Amino acid sequence: MRLDNMLLAEGVAGPEKGGGSAAAAAAAAAAGSPTDNSIEHSDYRAKLSQIRQIYHTELEKYEQACNEFTTHVMNLLREQSRTRPISPKEIERMVSIIHRKFSSIQMQLKQSTCEAVMILRSRFLDARRKRRNFSKQATEILNEYFYSHLSNPYPSEEAKEELAKKCSITVSQVSNWFGNKRIRYKKNIGKFQEEANLYAAKTAVTAAHAAAAAVQNSQTNSPTTPNSGGYPAPCYQSDGRIQ
DNA sequence: AGGTATGATTAGGA
DNA sequence: TCCTAATCATACCT
């Protein structure tokens with residue numbers, strides 16, 4: 001189960017000394033999964049390490065308090081030993097009672113830390129689920145690519161990465177967007193006609209500019225602009241994919 | 001408030 | 001593994 005692994009990896013479940021190395025291992029493990037949502041994910045990790053830090057400082061505090069209390073009790077016993085005989089067994093018993101008490105407190109701390117991690121985790125997953133529209137700029141870039149590659153709107157992995165970078169979204173978001181776009185375009189081409197014309201015109205203008213520059217450079221006047229003049233009518237393969 | 005747009009998720013296919 | 005198609009859940013618009 002992934003959740004258990006996460007909890008164990010975070011070093012929360014293991015209060016042993018050497019938590020530093022456990023934390024480092026956890027950080028390395030977390031960094032080792034270059035999945036989506038890097039921004040939110042880093043935020044999540046920051047909060048997680050905050051929780052972990054709190055846990056460790058609290059643990060230290062408890063330990064210190066335990067030691068202080070133990071020496072305090074020992075001093076009291078020593079004082080009492082002047083008036084009545086105190087066996088080593090009794091001292092041992094007292095110490096073990098104190099330790100037991102404090103370890104139960106530590107257990108509580110551990111439990112509440114685990115709870116905090118769980119809450120954080122579920123919030124993180126919820127946040128991922130929540131939808132946020134992409135920026136107008138990002139949509140523009142994606143649409144530009146889509147309509148200028150209408151005959152084959154399937155960006156390669158590299159193209160997806162490039163688009164993701166330009167739009168400051170993740171590659172999987174780019175894939176989602178193209179998946180949605182292809183299907184929705186196909187379902188209702190009429191509805192998207194205006195948009196298609198808009199973007200085709202836009203790319204035609206930029207292509208014209210490029211062509212003009214090329215003309216100026218080479219003095220030839222046969223610009224081979226892609227998609228110039230018309231908007232490619234989509235056709236479909238037998239398997240339903242946009243060709 | 002209700003309808004639409006849109007990003008994410010899921011199931012199933014090649 | 002990447003795709004389509006359907007669907008969900010929420011944002012956004014009127």
Side-chain angles (χ1 to χ4, degrees), chain A residues 1-10 28-48 51 115-206 226-227 230-243:
Chain A
M1 185 157 248
R2 233 189 130 228
L3 205 119
D4 294 343
N5 289 340
M6 277 294 281
L7 277 175
L8 284 170
E10 306 309 351
S33 60
T35 48
D36 43 2
N37 288 55
S38 57
I39 301 152
E40 284 178 25
H41 195 234
S42 71
D43 196 37
Y44 165 69
R45 263 162 57 196
K47 291 215 168 104
L48 205 58
I51 290 173
E115 248 166 63
V117 170
M118 297 285 263
I119 288 164
L120 179 68
R121 233 183 117 62
S122 69
R123 279 210 194 128
F124 169 64
L125 291 172
D126 279 355
R128 265 172 38 134
R129 211 180 178 84
K130 268 195 179 150
R131 196 173 68 72
R132 206 104 267 252
N133 282 5
F134 297 153
S135 71
K136 231 163 162 60
Q137 220 177 352
T139 314
E140 191 105 332
I141 291 164
L142 293 166
N143 271 318
E144 238 162 67
Y145 187 99
F146 180 79
Y147 287 111
S148 62
H149 296 76
L150 204 49
S151 54
N152 184 35
Y154 297 87
S156 66
E157 193 56 33
E158 295 82 54
K160 278 184 197 170
E161 276 166 27
E162 172 108 19
L163 286 166
K165 213 162 109 187
K166 274 195 202 163
C167 303
S168 46
I169 56 175
T170 65
V171 171
S172 46
Q173 282 178 307
V174 172
S175 299
N176 285 342
W177 190 90
F178 274 88
N180 283 323
K181 190 73 184 179
R182 280 190 300 261
I183 196 74
R184 283 162 188 168
Y185 178 83
K186 197 181 97 169
K187 261 189 175 172
N188 193 350
I189 293 171
K191 200 176 77 182
F192 289 94
Q193 198 57 57
E194 204 179 323
E195 192 178 70
N197 292 348
L198 190 88
Y199 281 100
K202 201 179 279 185
T203 54
V205 165
T206 57
N227 299 336
Y231 313 121
C235 55
Y236 297 96
Q237 289 181 316
S238 51
D239 64 355
R241 292 188 180 187
I242 301 172
Q243 198 179 3

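Convention: sequence-line order gives letters A, B, ...; per-chain numbering from 1. Just so it is clear, the structure is predicted and the values come from calculations on it, not from any experiment.
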| query | Has A:Gln173 got a side-chain N or O lying under 4.0 Å from the OP1 or OP2 atom of B:dA8? | reply | yes
Whole-Å distance, A:Arg132 CZ to C:dA9 P, equals 18 Å
From CD of A:Glu157 across to P of C:dT1 the rounded distance in Å is 11 Å
Side chain to side chain contact (heavy atoms under 4.5 Å, CB included) filter on A:Glu161, not counting sequence neighbours, yields A:Glu157, A:Val171
Rounding to the nearest 10°, end axes of the helix from B:dA1-C:dT14 to B:dA14-C:dT1 built from five pairs each make an angle of 10°
message = Could you walk me through whether A:Tyr147 and A:Lys181 satisfy the side chain to side chain contact (heavy atoms under 4.5 Å, CB included) test, starting with their C-alpha distance in whole Å, then the side-chain angles of each, then the deciding distance to 0.1 Å, before giving a yes or no?
response = CA-CA 10 Å; A:Tyr147 287 111; A:Lys181 190 73 184 179; 3.6 Å; yes
Whole-Å distance, A:Ile183 CD1 to B:dG7 P, equals 16 Å
Whichever of A:Asn180 and A:Pro155 has the more 5' nearest nucleotide on DNA chain C, that residue is A:Pro155
Between CG of A:Asn188 and P of C:dT4 the distance, given in whole Å, is 17 Å
Q. Hey, does the side chain of A:Tyr154 come within less than 4.0 Å of C:dT4's phosphate (OP1/OP2), counting only N and O?
A. yes
task = For the residue pair A:Tyr185 and A:Phe192, categorise the inter-ring angle as parallel (less than 30°), tilted (30 to 60°) or perpendicular (more than 60°).
result = tilted
query = In terms of side-chain geometry, is the basic nitrogen of A:Lys202 or A:Glu140 positioned less than 4.0 Å from the acidic oxygen of its partner?
reply = yes
A:Lys191 NZ to B:dG3 P, in whole Å, measures 16 Å
- Query: Does the pair A:Leu198 and A:Asn143 meet the rule for a side chain to side chain contact (heavy atoms under 4.5 Å, CB included), with working shown?
  - Reply: CA-CA 10 Å; A:Leu198 190 88; A:Asn143 271 318; over 6 Å; no
Here the distance between atom C1' of C:dC2 and atom CH2 of A:Trp177, to the nearest Å, is 18 Å
Verify, without hydrogens or angle tests, whether A:Thr139 (side chain) and A:Ser135 (backbone) share a donor-acceptor contact under 3.5 angstrom.
yes
Is any side-chain N or O of A:Asn133 closer than 4.0 Å to OP1 or OP2 of B:dT6? no
Tell me whether the side-chain N/O atoms of A:Lys181 come closer than 4.0 Å to OP1 or OP2 in C:dA5. no
Q.
Should the side chain of A:Arg184 and the base of C:dT7 be counted as holding a donor-acceptor pair, with the cut-off at 3.5 Å?
A. yes
Q) Within the pair A:Lys187 and C:dA6, is there a side-chain N or O less than 4.0 Å away from OP1 or OP2? A) yes
Would the number of heavy atoms belonging to other residues, nucleotides or ligands and lying under 6.0 Å from CD of A:Gln137 be above 12?
no
Separation of B:dT10 atom P from A:Asn176 atom CG, nearest Å, is 11 Å
Between CD of A:Glu195 and C1' of B:dT4 the distance, given in whole Å, is 15 Å
